[in-house]
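These notes concern the structure reproduced below.
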Amino acid sequence: MQIPAQMRLTTKNQIYLVTGGCGFLGKHLVEMLLEKEPSLAEIRVFDLHLDESMRSLDRVTLIQGDLSDLEDVKPAVKGAHVVIHTAGLVDVWGRVRPEKIMAVNVQGTKNIIEACVTQGVQYLVYTSSMEVVGPNIKGHPFYRGNENTTYEAIHHHPYPLSKAKAEQLVLEANGQLMPNGKRLVTCALRPTGIYGENHLLMKEFYEKGLMTKKYMIRAIPPSVEHSRVYVGNVAWMHLLVSQKIQEDPSTIGGQVYFCYDDSPYKSYEDFNMEFLSPCGFRLLGSRPLLPFFLLHLIALLNATLQWLLKPFCVYAPILNPYTLVIASTTFTVKTDKALKHFGYKPCFPWEESKNHTIRWLQEVTAEKQMEK
């Protein structure tokens, strides 16, 4: 990722720890830190599954460990100046046991906080999620909202529940006194739906589309809008707030920020077609071709089959009651607070973000053709 020279930041021989640094967001963040923060002494990458290709990166130290094991976490945190906690289990399909989601997302975050306190690491930035807020299970719309917008957050699904609990832990830990006499300073970022190069769900949509000869059926009205955000801009916001939390802890400490850019507000289907259309995909129908009650019945059937088959295998289709509510409910946000508190503006404009993603999908297309 090429970052404009005028945006380059300065740090002084600091050590940053990025949990989940081999994941989708984490890897983009590490790459941006390497480019934008040339005076960082070390970037530690803590992950359960390491990307061995990252070992060759200058100033990057790979640390394999389990987030839910405090004894794995402590040595990774020791000596760091800033911890950026992006690691987490994302699952809204039932592919992972709820206990595992809670162990990683909630207990893992507890471990990060405890390690920061006992090791005297003062600054913690947490990657939360818009799903901490919504859409809620009643399908209430959230239109161009901000962090202060009144909204009834109602969740029963393990993933948003785990993220909400973890975010609360992080924010409540702000100001906690540490043995070295300093106080922990924390904040949380809530990205909306992230897209970009190496996005596994986008790749899954692409591969499913190949099975239907690149034809896709519209299921959601185009009037439904969602905020989507490019992964490079999410990484950029993390980088900016990691600096600002050190410069102005009284402003940033204990705060939460929505993370969005200037990507267009569209339904998930219409937004995905911004990238799939240049790869030859077509979305059939200007309006949904299936009535909503039928989609709801299919989602309920999938949930029933998942429960019945649980003792024998993992049945986890993309459509279930929770994902149907998410996809069919307008949820759009603004990032005025991040602009006001630490000067966040998207580093990558929409057209550039779009082109990066299209080129990646075209590379996936070329790889698929070579496999034939």
Side-chain angles (χ1 to χ4, degrees), residues 1-47 50-51 53-63 80-88 123-128 187-200 202 228-247 252 257-263 335 338-339 341-357 359-360:
M1 295 182 290
Q2 294 298 313
I3 313 298
Q6 67 269 24
M7 291 184 177
R8 296 191 183 279
L9 307 178
T10 303
T11 53
K12 299 178 180 178
N13 299 316
Q14 290 190 336
I15 297 172
Y16 274 37
L17 169 65
V18 180
T19 71
C22 296
F24 171 50
L25 170 60
K27 194 169 182 182
H28 279 270
L29 176 56
V30 170
E31 291 171 357
M32 181 170 280
L33 286 171
L34 286 172
E35 183 174 352
K36 290 288 298 159
E37 298 280 25
S39 61
L40 275 178
E42 181 185 11
I43 302 169
R44 295 178 186 168
V45 171
F46 180 87
D47 214 312
L50 299 182
D51 183 343
S53 68
M54 298 177 72
R55 287 200 185 275
S56 61
L57 297 175
D58 183 42
R59 295 178 289 140
V60 171
T61 303
L62 296 185
I63 305 171
H81 295 86
V82 178
V83 173
I84 306 178
H85 179 30
T86 76
Y123 304 105
L124 171 60
V125 175
Y126 175 60
T127 308
S128 187
C187 71
L189 305 186
R190 293 174 180 163
T192 56
I194 308 178
Y195 70 92
E197 306 95 302
N198 300 311
H199 186 214
L200 292 179
M202 177 70 75
R228 301 288 292 277
V229 59
Y230 179 60
V231 64
N233 288 323
V234 181
W236 174 237
M237 184 182 274
H238 279 74
L239 190 150
L240 286 176
V241 81
S242 296
Q243 185 188 54
K244 191 65 175 181
I245 199 172
Q246 300 177 72
E247 297 173 352
I252 305 299
Y257 302 93
F258 278 128
C259 183
Y260 169 66
D261 52 20
D262 56 0
S263 301
T335 53
L339 171 62
H341 282 197
F342 53 92
Y344 166 76
K345 293 180 181 179
C347 185
F348 298 91
W350 159 241
E351 286 300 324
E352 187 177 351
S353 304
K354 177 180 175 180
N355 291 336
H356 281 314
T357 307
R359 280 197 294 270
W360 165 66

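On a predicted model such as this, the values are computed, not experimentally measured, just so you know. We're numbering straight along the sequence, starting at 1.
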Task: Residues that Asp262 engages under salt bridge (charged side-chain N to carboxylate O under 4.0 Å, His left out), provided they are two or more places apart - done: none

Task: ring pair (Phe, Tyr, Trp, His ring centres under 6.0 Å) partners of His238, counting only residues at least two apart - done: none

Open item on the list: Applying side chain to side chain contact (heavy atoms under 4.5 Å, CB included), can you list everything that pairs with Glu247, at least two apart in sequence or on another chain?
Closed with: Gln243, Lys244

TODO: Determine the minimum heavy-atom distance between Asp47 and Cys22, stating which atoms define it.
DONE: OD2-N, 3.0 Å

Task: Check: Gln14/Gln246 side-chain N/O donor and acceptor closer than 3.5 Å - done: yes

Task: Partner residues of His81 under the side-chain hydrogen bond (donor to acceptor under 3.5 Å, both in side chains) criterion, sequence neighbours left out - done: none

Open item on the list: Could you check whether any side-chain N or O of Arg228 sits under 3.5 Å from a backbone N or O of Ser263, counting only pairs where one atom can act as donor and the other as acceptor?
Closed with: no

Task: Results of ring pair (Phe, Tyr, Trp, His ring centres under 6.0 Å) for Phe24 - residues two or more places apart only - done: His28, His199

Task: All side chain to side chain contact (heavy atoms under 4.5 Å, CB included) counterparts of Ala87, not counting sequence neighbours - done: Thr19, Leu67, His85

Open item on the list: Between Val229 and Ile194, is there a side-chain heavy-atom distance shorter than 4.5 Å?
Closed with: yes

TODO: Go through the structure and list residues passing salt bridge (charged side-chain N to carboxylate O under 4.0 Å, His left out) with Arg55, not counting sequence neighbours.
DONE: Glu52

- [ ] Can you sort out the partners of Arg190 under salt bridge (charged side-chain N to carboxylate O under 4.0 Å, His left out), two or more places apart, ordered by chain and number?
- [x] Glu167

Open item on the list: Determine whether the aromatic ring centres of residues Phe342 and Tyr257 are separated by less than 6.0 angstrom.
Closed with: yes

- [ ] Determine yes or no for a side-chain-to-main-chain donor-acceptor pair under 3.5 angstrom, with Asn13 supplying the side chain and Ala41 the backbone.
- [x] no

- [ ] Can you see which heavy atom on Ser353 is nearest to which on Asn233, and at what distance?
- [x] OG-ND2, 4.1 Å

TODO: Go through the structure and list residues passing ring pair (Phe, Tyr, Trp, His ring centres under 6.0 Å) with Tyr195, not counting sequence neighbours.
DONE: Tyr230, Phe271, Phe275

Open item on the list: Holding to side-chain hydrogen bond (donor to acceptor under 3.5 Å, both in side chains), I want the full list of residues that pass it with Ser53, two or more places apart in sequence or in another chain.
Closed with: Asp51

- [ ] With sequence neighbours excluded, tell me which residues meet side chain to side chain contact (heavy atoms under 4.5 Å, CB included) with Leu57.
- [x] Leu34, Met54, Val60

TODO: Sequence neighbours left out, what passes ring pair (Phe, Tyr, Trp, His ring centres under 6.0 Å) with Tyr260? Give chain and number order.
DONE: Tyr265

Open item on the list: Keeping Trp236 on the side-chain end and Lys345 on the backbone end, is there a donor-acceptor pair under 3.5 Å?
Closed with: yes

TODO: Check whether any side-chain heavy atom of Asp261 lies under 4.5 Å from a side-chain heavy atom of Trp350, and answer yes or no.
DONE: no

